[in-house]
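For reference, the structure discussed in these notes is given below.
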Amino acid sequence: MTAPQTSPPLKLVTDGDTRIIVTRHLAAPPALVFRAHTEADLIRRWMLGPDGWTMPVCHSDPRPGGTFRFEWSNGAGHSFHATGEYLEVTPTRIVHVERMFLPDPTPDNHVETRFDPAAGGTLLTMTMTLQSAEDRAAILASGMSDGLEVSYARLETILEGA
């Protein structure tokens with residue numbers, strides 16, 4: 001009997017003063033992981049962060065010049081949202097600019113997400129470029145990596161049934 005193969009959790013490293021690079025293996029083909037990052041019905045199911053949060057508003061127009069808006073709520077009066085513009089969308093790469101509203105808007109965050117075939121699944125690499133070292137420190141202090149890992153683990157469970 002072969003033990004079930006589980007994906008390692010995400011890895012986060014910093015680069016220079018303003019970059020954050022996140023990698024995570026997902027046990028699903030790149031085309032499916034790409035769809036989960038562009039189709040609103042799929043995004044709404046996994047990109048939730050900690051348990052108890054929902055995404056009542058999820059708009060995604062994944063094309064160069066298209067926009068997105070994601071709104072999260074914990075159902076107990078806490079909410080925040082993100083907006084952004086897609087700059088480049090191909091089956092292997094998404095480039096976008098996003099702003100978080102917590103409730104005040106954060107500075108623009110330039111994000112490139114790659115979907116590369118790897119070990120029977122996908123190596124997801126997300127590179128975030130903030131405008132300053134202070135902006136990067138703030139985003140790292142927000143608990144971003146924990147929320148991302150919870151969301152990616154949820155995504156992997158959803159993709160297993162796809």
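Along the sequence shown, residues carry numbers from 1. Just the heavy atoms: all of them, side chains too, but no hydrogens, waters or symmetry mates, feed the values below.
- The distance from atom OH of Tyr152 to atom CG of Leu26, rounded to the nearest 0.5 Å, is 7.5 Å.
- Under a hydrophobic clustering in which Ile, Leu, Val, Met, Phe, Trp and Tyr are joined whenever their side-chain heavy atoms come within less than 4.5 Å, directly or via other members, Leu123 and Leu10 fall into different clusters.
- Scored by the side chain to side chain contact (heavy atoms under 4.5 Å, CB included) test, Asp15 finds Arg19, Ile21 as partners (sequence neighbours excluded).
- Checking side-chain atoms of Ser60 against main-chain N and O of Ala40 turns up no donor-acceptor pair under 3.5 Å.
- By the 4.5 Å heavy-atom criterion applied to side chains, Arg24 and Glu149 are counted as neighbours.
- Distance check: Met144 CE to Ile139 CD1 gives 5.5 Å after rounding to the nearest 0.5 Å.
- Residues Ile20 and Leu102 share a hydrophobic cluster, clusters being chains of Ile/Leu/Val/Met/Phe/Trp/Tyr side chains in contact below 4.5 Å.
- With sequence neighbours excluded, the residues satisfying side-chain hydrogen bond (donor to acceptor under 3.5 Å, both in side chains) with His96 are Glu98.
- The backbone N or O of Gly49 lies less than 3.5 Å from a partner atom in the side chain of Arg154, making a donor-acceptor pair.
- With hydrogens and angles ignored, the 3.5 Å screen pairs no side-chain donor or acceptor of Thr122 with any backbone N or O of Phe115.
- Counting only residues at least two apart or in different chains, salt bridge (Lys or Arg N to Asp or Glu O under 4.0 Å) contacts with residues 116-135 comprise Arg114-Asp116.
- In terms of the side chain to side chain contact (heavy atoms under 4.5 Å, CB included) criterion, residue partners of Thr92 (sequence neighbours excluded) are, by chain and number, Thr90.
- Here Thr18 contributes atom OG1 and Leu130 contributes atom CG; the two are 7.0 Å apart, rounded to the nearest 0.5 Å.
- Looking at residues two or more places apart in sequence or on another chain, you find a ring-ring contact (aromatic ring centres under 6.0 Å, His included) between Phe80 and Trp53, Trp72.
- Leu155 and Val150 fall into different hydrophobic clusters, where Ile, Leu, Val, Met, Phe, Trp and Tyr residues are linked whenever their side-chain heavy atoms come under 4.5 Å apart, directly or through other members.
- Considering every non-hydrogen atom in both Ala119 and His25, the closest pair reads O-NE2, 3.5 Å.
- Among residue pairs with one or both ends in residues 81-92, those qualifying as salt bridge (Lys or Arg N to Asp or Glu O under 4.0 Å) are Glu85-Arg99, Glu88-Arg93; sequence neighbours excluded.
- Residues Leu42 and Leu124 do not share a hydrophobic cluster, clusters being chains of Ile/Leu/Val/Met/Phe/Trp/Tyr side chains in contact below 4.5 Å.
- Under the side chain to side chain contact (heavy atoms under 4.5 Å, CB included) criterion, Asp17 pairs with Ala133, not counting sequence neighbours.
- Both Phe34 and Ile158 are part of a single hydrophobic cluster, where members link through side-chain heavy atoms under 4.5 Å apart.
- Hydrophobic side-chain contacts under 4.5 Å tie Val97 into a cluster, directly or through other members, with Leu87, Val95.
- Qualifying side-chain hydrogen bond (donor to acceptor under 3.5 Å, both in side chains) partners for Asp104, counting only residues two or more places apart in sequence or in other chains: none.
- Going from atom SG of Cys58 over to atom CD of Glu71 covers 10.0 Å, rounded to the nearest 0.5 Å.
- Taking the side chain as every heavy atom from C-beta outward, Leu140 and Thr14 approach each other to under 4.5 Å.
- Counting only residues at least two apart or on different chains, the side chain to side chain donor-acceptor pair (under 3.5 Å) pairs with a member in residues 30-47 are Arg35-Glu39.
- In this structure, the side chain to side chain contact (heavy atoms under 4.5 Å, CB included) partners of Pro56, at least two apart in sequence or on a different chain, are Thr54, Ser73.
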inquiry  = The test is side-chain contact (heavy atoms from CB on, under 4.5 Å); show your working for Asp108 and His110 and say whether it passes.
reply    = CA-CA 6 Å; Asp108 285 359; His110 185 273; over 6 Å; no

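- Tyr86 is linked by a ring-ring contact (aromatic ring centres under 6.0 Å, His included) to Phe68, counting only residues two or more places apart in sequence or in another chain.
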